[in-house]
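All remarks here apply to the structure that follows.
Since the model is a prediction, treat every value here as computed from it, not as a measurement.
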Amino acid sequence: DAIARDNEMGDLVTSLGERHPDILWLLAVASIEHGEPAARWQLAVELAETMPFSTELEALLVTMAYDADEYVRRRVLMVLARFNSQHTEQLALAAWHHPHEHQQWARMAALWSLHRVQSPSLEPLLAEAEAGPLPYLSDFARRMRDGEIEP
């Protein structure tokens with residue numbers, strides 16, 4: 001999968017988005033069943049950059065937000081938060097409570113997304129993160145509370 005191999009630069013997916021957004025859409029749909037995780041998250045991010053927000057785009061992104069790969073879920077959650085999707089809070093809370101090896105980073109994305117949509121669920125999770133044993137998450141929460149991290 002060429003898009004997956006180009007995940008560091010993202011030139012291929014960006015070029016497709018600029019020249020052929022219709023193909024980008026088709027690739028994103030196909031990637032859900034057959035693509036590699038590195039392709040799926042890039043396609044989701046590029047779709048959000050290329051297309052205006054719509055119910056169809058939101059539905060596709062929500063489908064991608066339930067991906068088996070944690071990094072795909074994390075990136076798609078943040079895209080949905082940028083659009084102020086009504087699904088952001090539910091997905092962020094699911095990410096917060098989902099046990100996996102990348103919990104700190106998933107939780108950082110959840111906090112950022114809740115901050116972005118001004119969720120009332122943010123404050124207790126910030127307190128939990130700050131007091132918790134995960135050092136990067138604790139520091140992230142502190143910096144978010146101090147206004148160092150913009151939504």
task: Could you walk me through whether Arg40 and Asp67 pass the salt bridge (Lys or Arg N to Asp or Glu O under 4.0 Å) test, one step at a time?
output: CA-CA 9 Å; Arg40 289 193 300 274; Asp67 197 275; 2.5 Å; yes
Side-chain ([X]) to main-chain ([Y]) donor-acceptor, under 3.5 angstrom:
X      : Y      : answer
Arg73  : Ala95  : no
Glu128 : Pro124 : no
Ser31  : Ala28  : yes
Glu46  : Trp41  : no
Ser113 : Ala109 : yes

Distance check, rounded to the nearest 0.5 Å: [X] atom [atom1] versus [Y] atom [atom2]?
X      : Y     : atom1 : atom2 : value
Trp105 : Glu70 : CH2   : CD    : 9.5 Å
Tyr66  : Ile32 : OH    : CD1   : 13.5 Å
Thr63  : Glu58 : OG1   : CD    : 10.5 Å

Are [X] and [Y] linked, directly or through other ILVMFWY residues, by side chains that come within less than 4.5 angstrom of each other?
X      : Y      : answer
Leu24  : Leu57  : yes
Met78  : Leu111 : yes
Met144 : Leu77  : no
Phe140 : Tyr71  : no
Met51  : Phe53  : yes

[X] to [Y] - nearest heavy-atom pair and separation:
X      : Y      : value
Ala129 : Trp96  : CB-CH2, 3.8 Å
His115 : Ile149 : NE2-O, 3.8 Å
Val76  : Ala44  : CG2-CB, 3.7 Å
Ala127 : Arg145 : N-NH2, 3.5 Å
Ala65  : Leu91  : CB-CD1, 3.7 Å
Gln104 : Leu137 : OE1-N, 3.1 Å

query: Should Glu89 and Arg116 count as an ion pair when the cut-off is N to O under 4.0 Å?
result: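 Salt bridge between Glu89 and Arg116, a charged N being under 4.0 Å from a carboxylate O: no.
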- request: Test side chain to side chain contact (heavy atoms under 4.5 Å, CB included) on Leu126 and Leu114 and set out the steps.
  value: CA-CA 10 Å; Leu126 274 176; Leu114 292 170; over 6 Å; no
With a 4.5 Å cut-off on side-chain heavy atoms, are [Y] and [X] touching?
X      : Y     : answer
Leu125 : Leu93 : yes
Leu47  : Val79 : no
His87  : Leu61 : no

- prompt: If you count the non-hydrogen atoms of other residues, nucleotides and ligands that lie under 6.0 Å from CD in Glu148, is the total more than 12?
  reply: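 Correct, the count exceeds 12.
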- request: Output, in order, the C-alpha distance, side-chain angles, deciding distance and verdict of salt bridge (Lys or Arg N to Asp or Glu O under 4.0 Å) for Arg143 and Asp146.
  value: CA-CA 5 Å; Arg143 291 185 303 122; Asp146 291 346; over 6 Å; no
- prompt: What's the verdict on side chain to side chain contact (heavy atoms under 4.5 Å, CB included) for Arg142 and Asp139, showing C-alpha distance, side-chain angles and the deciding distance?
  reply: CA-CA 5 Å; Arg142 180 198 53 75; Asp139 182 60; 2.8 Å; yes
